[in-house]
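Residue numbers start from 1 in every chain, and the chains themselves are labelled A, B, ... in the order their sequence lines are given, proteins ahead of strands.
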Protein chains: 2
Amino acid sequence: MDEQVPRDFETLRAAILDRRESLPKRIAQIAAYALDNPDDIAFGTAASIAASAGVQPSTLIRFAQQLGFDGFTSLQQVFRERLRERNSSYDERLQALRAKAEGGAGHRAIFDGFIAAASTSLNDISRTLDDAHLEDAISLLAKAQTIYVLAKRRSYPVASYIAYALGKLKIRNQLIESAAGLNAEMVGFATPADAVIAISFSPYAPATIEEARVIAEQGVPIVAITDSSFSPLAQFASVWFEVAEADFAGFRSLSATMALAMALTVGVGEKRRDASRKRKA
Amino acid sequence: MDEQVPRDFETLRAAILDRRESLPKRIAQIAAYALDNPDDIAFGTAASIAASAGVQPSTLIRFAQQLGFDGFTSLQQVFRERLRERNSSYDERLQALRAKAEGGAGHRAIFDGFIAAASTSLNDISRTLDDAHLEDAISLLAKAQTIYVLAKRRSYPVASYIAYALGKLKIRNQLIESAAGLNAEMVGFATPADAVIAISFSPYAPATIEEARVIAEQGVPIVAITDSSFSPLAQFASVWFEVAEADFAGFRSLSATMALAMALTVGVGEKRRDASRKRKA
DNA sequence: GGCAATATGAAATAATAATTCCAATCCATA
DNA sequence: TATGGATTGGAATTATTATTTCATATTGCC
């Protein structure tokens with residue numbers, strides 16, 4: 001009988017679980033360790049793993065052989081492959097998914113595409129966000145009497161969530177929306193004691209830019225979330241964040257922008273709480 | 001002068017980018033390769049990596065030394081650590097981050113928390129989404145004359161993005177918002193030839209539930225996005241999706257809901273295009 | 001164009017790690 | 001409790017891999 005050698009982690013896991021009962025003591029010990037600490041198996045040396053698991057290196061090799069591998073090294077490959085898979089950059093997957101969706105491969109492919117776009121955006125922003133900017137923006141907003149929230153079109157959902165969250169946190173805010181065409185007047189009320197969160201991505205909604213310009217001229221500090229240093233918003237802003245949202249099928253993921261927006265909002269809430277606590281003390 | 005040895009991947013990356021200009025040709029070559037194929041560095045041997053990058057193993061070691069490491073092995077540790085980090089379940093990180101943010105560990109921790117919550121939600125939905133439900137929902141919506149979009153409060157941002165996207169795709173839609181208090185009338189216009197996308201999470205906004213009930217009684221099919229099978233929305237819906245959004249600091253990530261919403265929207269767009277193409281043929 | 005400093009390639013060497021082997025131990029069974 | 005087979009520990013061996021070295025090539029500078 002020729003042993004079926006597990007080539008992927010799940011098969012391997014199943015194989016181990018399957019024999020669990022019939023394994024000798026020390027082998028069972030290393031088997032349990034392997035399933036509990038797969039990363040260690042992927043990166044460690046036979047000696048280091050054996051030591052951590054409390055067995056001899058030779059036992060580790062016997063374990064591998066029992067499973068049909070010809071040695072520890074080939075067993076380790078499976079554990080490494082697992083990390084590679086799990087980690088294979090979302091960017092590559094996104095490319096593949098775009099092609100697949102173009103080719104008309106069903107609606108699941110579209111869904112996967114949006115998931116991948118969102119994940120990519122989250123990874124990017126998590127890497128590139130500047131902590132100092134975050135602190136600056138939060139300080140600036142925490143001092144404001146009223147926080148105005150300015151965004152149209154595709155950025156509007158973010159603005160509406162910010163307004164909702166600010167409201168929940170009992171932070172005075174005003175969403176600048178267009179329903180009644182009174183934006184200009186609304187904008188006119190803002191003073192340098194207030195602050196603005198403005199969000200706009202290319203192609204920048206002209207109304208957003210115009211209103212940001214006016215409000216900046218009134219001396220109101222602006223925190224901007226936009227997509228490049230060439231953005232017209234960046235020049236009006238006291239602090240601005242560059243957020244590169246991946247898109248799919250023509251629609252931008254908003255996940256990174258949402259996360260940043262929430263961090264700003266909750267950050268302001270915390271800062272205010274700390275400040276009022278300090279005043280009391 | 002003692003070189004500051006990068007201990008984590010991001011620092012390393014920054015260090016490489018920083019010197020990019022001043023590196024000799026072959027070293028630059030391996031530097032570029034390292035940033036493009038970090039996984040290969042993590043798992044390969046000096047010889048295999050050198051071969052893939054088209055340089056000598058010794059060059060690889062010189063590269064590591066330039067960066068302040070004492071050899072390839074310690075450079076490789078950083079690349080391995082990165083995989084370990086990235087792979088440690090987001091759930092665990094989320095727990096840790098929550099604790100950290102509670103302890104008042106600065107605003108970056110809050111931001112990281114929202115990122116982790118979003119990632120967790122994306123992972124979850126990607127695992128649990130039922131393809132058949134997705135197909136059903138898209139078919140149902142594609143047949144509708146007008147798509148009504150119903151959501152309040154924290155779900156409202158998703159609804160507004162759906163409405164924006166449907167508009168972009170030239171799909172007739174109506175966002176049921178409360179501005180003028182005419183919701184009841186708006187809801188009254190819907191017929192069985194239309195369809196509804198309704199979104200609500202616990203605690204379910206009473207208005208959403210009530211409007212969904214009315215509209216269901218009129219025989220209008222409903223696609224619901226909600227958070228459990230006990231949701232009152234589920235009972236009115238023809239198709240419903242369970243989306244478990246992780247929360248952080250009291251606010252739900254909307255990333256998974258957004259991704260699903262976009263998949264539905266774009267899916268409907270595609271289905272309509274296919275259908276009209278077929279009619280012409 | 002010639003010289004020095006720097007960079008590169010290739011092979012030798014050193015270090016490290018995997019595997020094998022054999023003796024000792026354990027365990028089930030008669 | 002004696003016996004055979006399976007299991008285990010530990011050191012010896014072998015293989016693999018990182019590192020060093022040195023000769024050669026390239027580059028920048030006078």
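A 4.0 Å heavy-atom criterion places the boundary nucleotides of DNA chain D facing chain A at dT7(D) to dG10(D), written 5' to 3'. Using a 4.0 Å cutoff to heavy atoms of chain B, the contacted part of DNA chain C runs 5' to 3' from dA7(C) to dA10(C).
How far OG of S231(A) is from CZ of F201(A): 9.0 Å, rounded to the nearest 0.5 Å. If you take CZ on F114(A) and CG on L122(B), they are separated by 12.5 Å, rounding to the nearest 0.5 Å.
Residue pairs meeting the ring-ring contact (aromatic ring centres under 6.0 Å, His included) criterion with at least one member in residues 22-63 of chain B, sequence neighbours excluded: F43(A)-F43(B). Sorted by first and then second residue, the side chain to side chain donor-acceptor pair (under 3.5 Å) pairs involving residues 54-63 of chain A (not counting sequence neighbours) form an empty list.
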Check: residues 250-262 of chain B side-chain donor-acceptor pairs under 3.5 Å, at least two apart:
from    : atom 1 : to      : atom 2 : distance (Å)
R252(B) : NH2    : S202(B) : O      : 3.3
S253(B) : OG     : E245(B) : OE1    : 3.2
S253(B) : OG     : S255(B) : N      : 3.1
S253(B) : OG     : S255(B) : OG     : 2.7
S255(B) : OG     : A118(B) : O      : 3.2
T257(B) : OG1    : E245(B) : OE2    : 2.5

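Not counting sequence neighbours, the partners of L17(B) by the side chain to side chain contact (heavy atoms under 4.5 Å, CB included) test are R13(B), R20(B), L35(B). Residues forming a side chain to side chain contact (heavy atoms under 4.5 Å, CB included) with A151(A) (at least two apart in sequence, or on another chain): S155(A), A159(A), I199(A). In this view, F236(A) satisfies the ring pair (Phe, Tyr, Trp, His ring centres under 6.0 Å) rule with no residue, not counting sequence neighbours. When the salt bridge (Lys or Arg N to Asp or Glu O under 4.0 Å) test is applied to R273(A), the partners found at least two apart in sequence or on another chain are E270(A). In this structure, the side chain to side chain contact (heavy atoms under 4.5 Å, CB included) partners of D70(B), at least two apart in sequence or on a different chain, are S74(B).
Between K271(A) and D274(A), none of the side-chain N atoms (NZ, or NE/NH1/NH2) sits under 4.0 Å from a carboxylate O, so this pair counts as no salt bridge.
Within residues 54-62 of chain A, the residues that place at least one heavy atom under 4.0 Å from DNA chain D are, in residue-number order, Q56(A), S58(A), T59(A), R62(A). Within residues 70-78 of chain A, the residues approached by DNA chain C to less than 4.0 Å at the level of any non-hydrogen atom are G71(A), F72(A), T73(A), in residue-number order.
Within the 3.5 Å criterion, the main-chain N or O of F9(B) finds no donor-acceptor partner in the side chain of E81(B).
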